[in-house]
Amino acid sequence: MTKKTLIFVFSLFLIGSVSLFFSKPFVFSYDIRMIIASLIAMFLAQYIEIPIGGVRFTAKPFLYLFLIPFITPETVMFLSLLTIPLVKKIPWQTKLLRLAFEFLQFSVGIFFFKHAIYDYLSLVYFAAGYFATNVILSFVYIPFFTKTNLKNYLSVGFLVFLLGLYASLIVTTLYILPEVKLTYLIFTFLLYAVFLVQLHYTVTAQVWYQELKYEQDEIKREIENLSKIPAVLEELGREDVDKVLSDLLEVSCKMIGFSAALLNLFDYKSGRVVRVAKYGIKDEDFEMLKSRQPQIKDTLVLMQSRFDSGGVYFIPKGSINLDQTYVFRPLEYAMLDVDNAWDPDDLFLVPLIYNNKTIGYISFDKPINGLRPAKREIELSKFFAWQFVQIVKESKYRGFFLSYYPEETTVSELMEEISKAIEMKRTFSFVYLDIDNFDKLNLEKGYAFGDEILREIKKSLENEVRNYGFYTRIGDEFMILLWTKSKSDAMILVQKVIENVKEKYPYVSISGAVVKYPVDAGNLEGILNKAKTALNASKKSGGGRLINI
């Protein structure tokens, strides 16, 4: 929770306290049976949600109106505030915000209740104060803290206010009936039940209308921005490629519905991520980001299959530990109170793929609607990713990934890369593989068969090692360099290579060793010696084993 939000919450409690001060005297109900029943009802009611125009509105306020004729509004307020912290599914920041909203709404409602001209209008006054405060708070919180367009909530706010007044008028019939009878109570209860049914259908219609309106706005926005793409692409050759990329990034954000984005490319020569273009980020922040170049291997760890959403990667808050050095929030903003709300710490990464190789990614942030990406946003983001690849592959940045040597390299290049990584103190894993009894296989099945096995291992290595490192071959031995954060990741990857070969050639056995720098060895000689020692140990134990030093 930001400092601005904390000040806002404190202000709500302060204003509410002043309002309560002028509402004295306080009267509390002591009917234990009624209090327990009300507490249970409130606890259940806060799980009954009324979604109106993208805003979550629980059924509790309508329960308050029905309870106030039986227990005092001060008691209702106390019970309501008591139930809010009991909700387990929401974070404490949201609970604190709800407590502040509820406290102020009740304080104003009780003030109006106590100053009603006639007793039978007290409930109507309470509803007017309670729901009017809710509308005012929403109009303050939404534009200043969620940075969402307020016009989408104007009709919703007034609808909630009118429904609250309508509900209070129904319950007020208890005050104007000639005498207190069970039949009159049942009649009011049934009348209120009919209202709740009506509320359900009103809300359903409003949700449908809001969804239709939002769909129309999306289509209009997409048409407007699609027309801008040809103009941006025409700039190629006349404008600097950085400007073209920035302009296209702006169009993509406006069309997909995001307020900020960062275009990143992989420089495979340096092993670093280079920030190329931005939208919705201040120039000074962008310069700071450009100076921070995370390693490619660290970024690729984020693009795990468990985060894959149809070819893009959505990483919810808390699902992976992120290096705070490279995490940046372009804007301070709060979450909408809905199930699929975008969290400021969520990540939405769209990879740039060229020749089956990841050459970069776009990081989109701060969705305009405050929601996590849906199918529409995902498909549009992939369309723009393809557009960016077409520009980048013919630009000055093509050397980042086209001039870099492929997955298979020479022994000298592999050793040079290991030495460079050691000099830079860059973590990596070194894998040494050897085919067991390869000479015997050549004699029994022929050298053509041996060559076929080698080709199969190379094919599997190229598929699995891609973007994680590279390898070289000496006879029937393979040496592999992997940019993995942990040794277990390297073992899983290599084990998959071995299993792929075993599926096609069940009688072929492969021994291997995995050494991690700098944990297992601190120099090139030590790495090679430990790998050879472990490989020999695997051979002596019968072969077919991958040994972890």
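Between Gly522 and Ile422, the shortest heavy-atom contact is O-CG2, 3.8 Å. Contact record, Ile368 with Ser259: CG1-OG, 3.8 Å, taken as the closest heavy-atom pair. Considering every non-hydrogen atom in both Leu528 and Met479, the closest pair reads CD2-SD, 4.5 Å. Phe430 and Ala531 get closest at one heavy-atom pair: CE2-CB, 3.7 Å. Nearest heavy-atom pair, Val276 versus Leu245, reported as atom, atom and distance to 0.1 Å: CG1-CD1, 3.5 Å. In this structure, Met415 and Leu524 approach most closely via the heavy-atom pair SD-CD1, 3.9 Å.
For Tyr313, there are no ring-ring contact (aromatic ring centres under 6.0 Å, His included) partners at least two apart in sequence or on another chain. Every residue two or more places apart in sequence or in another chain that forms a side chain to side chain contact (heavy atoms under 4.5 Å, CB included) with Val389 is listed here: Leu352, Tyr354, Ile359. Checked against side-chain hydrogen bond (donor to acceptor under 3.5 Å, both in side chains), Ser381 has no partners two or more places apart in sequence or in another chain. Residues forming a side-chain hydrogen bond (donor to acceptor under 3.5 Å, both in side chains) with Tyr279 (at least two apart in sequence, or on another chain): none. When the ring-ring contact (aromatic ring centres under 6.0 Å, His included) test is applied to Phe43, the partners found at least two apart in sequence or on another chain are Tyr47. For Ser419, the side-chain hydrogen bond (donor to acceptor under 3.5 Å, both in side chains) test picks out no residue, with sequence neighbours left out. Scanning for side chain to side chain contact (heavy atoms under 4.5 Å, CB included) contacts around Asn529 gives Glu525, with sequence neighbours left out. Looking at residues two or more places apart in sequence or on another chain, you find a side-chain hydrogen bond (donor to acceptor under 3.5 Å, both in side chains) between Thr83 and Lys60.
A salt bridge does not link Lys278 to Asp285: none of the charged side-chain nitrogens sits closer than 4.0 Å to a carboxylate oxygen. Look at Glu379 and Lys382 and you find a salt bridge, because one of the NZ, NE, NH1 or NH2 atoms lies within 4.0 Å of a carboxylate O, short of that distance. Look at Lys243 and Asp247 and you find a salt bridge, because one of the NZ, NE, NH1 or NH2 atoms lies within 4.0 Å of a carboxylate O, short of that distance. With respect to the salt-bridge test (charged N to carboxylate O, under 4.0 angstrom), the residues Lys396 and Asp242 qualify. A salt bridge between Lys487 and Asp520 is present, with a side-chain N of the basic residue lying under 4.0 Å from a carboxylate O of the acidic one.
Inter-residue side-chain proximity for Val515 and Tyr517 is flagged as unmet; no heavy-atom pair is nearer than 4.5 Å. Looking only at side-chain heavy atoms (C-beta outward), Glu417 and Phe428 stay at 4.5 Å or farther from each other. Side-chain contact check for Glu462 versus Tyr471: some heavy-atom pair is nearer than 4.5 Å. The shortest distance between side-chain heavy atoms of Lys254 and Glu250 falls below 4.5 Å. Counting only heavy atoms from C-beta outward, the side chains of Glu102 and Ile84 approach each other to under 4.5 Å. The closest side-chain heavy-atom distance from Leu249 to Phe388 is below 4.5 Å. Residues Ile480 and Leu461 form a side-chain contact, since some pair of their non-hydrogen atoms from C-beta on lies under 4.5 Å apart. For the pair Val514 and Ile547, the minimum side-chain heavy-atom distance is 4.5 Å or more.
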Side chain to side chain contact (heavy atoms under 4.5 Å, CB included) evaluation trace for Val312 with Phe348: CA-CA 8 Å; Val312 302; Phe348 179 42; 3.5 Å; yes
Trace of the side chain to side chain contact (heavy atoms under 4.5 Å, CB included) decision for Leu262 with Arg275: CA-CA 7 Å; Leu262 189 65; Arg275 323 295 193 175; 3.8 Å; yes
Stepwise side chain to side chain contact (heavy atoms under 4.5 Å, CB included) check, Phe258 with Ser252: CA-CA 8 Å; Phe258 283 86; Ser252 66; over 6 Å; no
Test side chain to side chain contact (heavy atoms under 4.5 Å, CB included) applied to Ile391 and Val244, step by step: CA-CA 9 Å; Ile391 296 174; Val244 176; 4.1 Å; yes
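One distance of note links CG of Leu97 with CZ of Phe8; it measures 6.5 Å at 0.5 Å rounding. The structure places CG of Leu265 at 9.5 Å from CD1 of Ile362, a figure rounded to the nearest 0.5 Å. Atoms CG and OG, on Leu493 and Ser488 in that order, are 11.5 Å from each other to the nearest 0.5 Å. Taken to the nearest 0.5 Å, the CG atom of Asp267 stands 8.0 Å off from the CD atom of Gln293. In this structure, CD in Glu413 is found 12.5 Å from CG in Leu481, a value given to the nearest 0.5 Å. In this structure, CD1 in Ile281 is found 9.0 Å from CE in Met288, a value given to the nearest 0.5 Å.
Applying the ring-ring contact (aromatic ring centres under 6.0 Å, His included) rule to pairs touching residues 518-548 yields nothing, sequence neighbours excluded.
Checking side-chain atoms of Arg473 against main-chain N and O of Gly475 turns up a donor-acceptor pair under 3.5 Å. The backbone N or O of Gln387 lies less than 3.5 Å from no partner atom in the side chain of Gln390, so there is not a single donor-acceptor pair. Panel note: side chain Ser395, backbone Tyr397; a donor-acceptor pair is recorded below 3.5 Å.
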Could you list the donor-acceptor pairs under 3.5 angstrom formed by side chains in residues 494-501, with sequence neighbours left out?
residue: Asn500; atom: ND2; partner: Ser460; partner atom: OG; Å: 3.1
residue: Asn500; atom: ND2; partner: Lys496; partner atom: O; Å: 3.2

Pair up each side-chain donor or acceptor in residues 535-545 with any protein partner under 3.5 Å, not counting sequence neighbours, and list the distances.
residue: Asn536; atom: ND2; partner: Lys532; partner atom: O; Å: 3.2
residue: Ser538; atom: OG; partner: Ser511; partner atom: OG; Å: 3.4
residue: Ser538; atom: OG; partner: Arg545; partner atom: O; Å: 2.9
residue: Lys539; atom: NZ; partner: Asp434; partner atom: OD2; Å: 2.7
residue: Lys539; atom: NZ; partner: Ile435; partner atom: O; Å: 3.4
residue: Lys539; atom: NZ; partner: Asp436; partner atom: OD1; Å: 2.9
residue: Ser541; atom: OG; partner: Ala537; partner atom: O; Å: 3.2
residue: Ser541; atom: OG; partner: Ser538; partner atom: O; Å: 2.8
residue: Ser541; atom: OG; partner: Arg545; partner atom: NH1; Å: 3.2

Using residues 438-449 as the side-chain source, report each donor-acceptor pair under 3.5 Å to any protein atom, sequence neighbours left out, with the distance given to one decimal.
none

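Taking the six-membered ring for Trp and thresholds of 30 and 60 degrees, Trp342 and Phe314 have ring planes inclined between 30 and 60 degrees apart.
In summary, the aromatic rings of Phe478 and Tyr432 are positioned with their centroids too far apart to meet the 6.0 Å limit.
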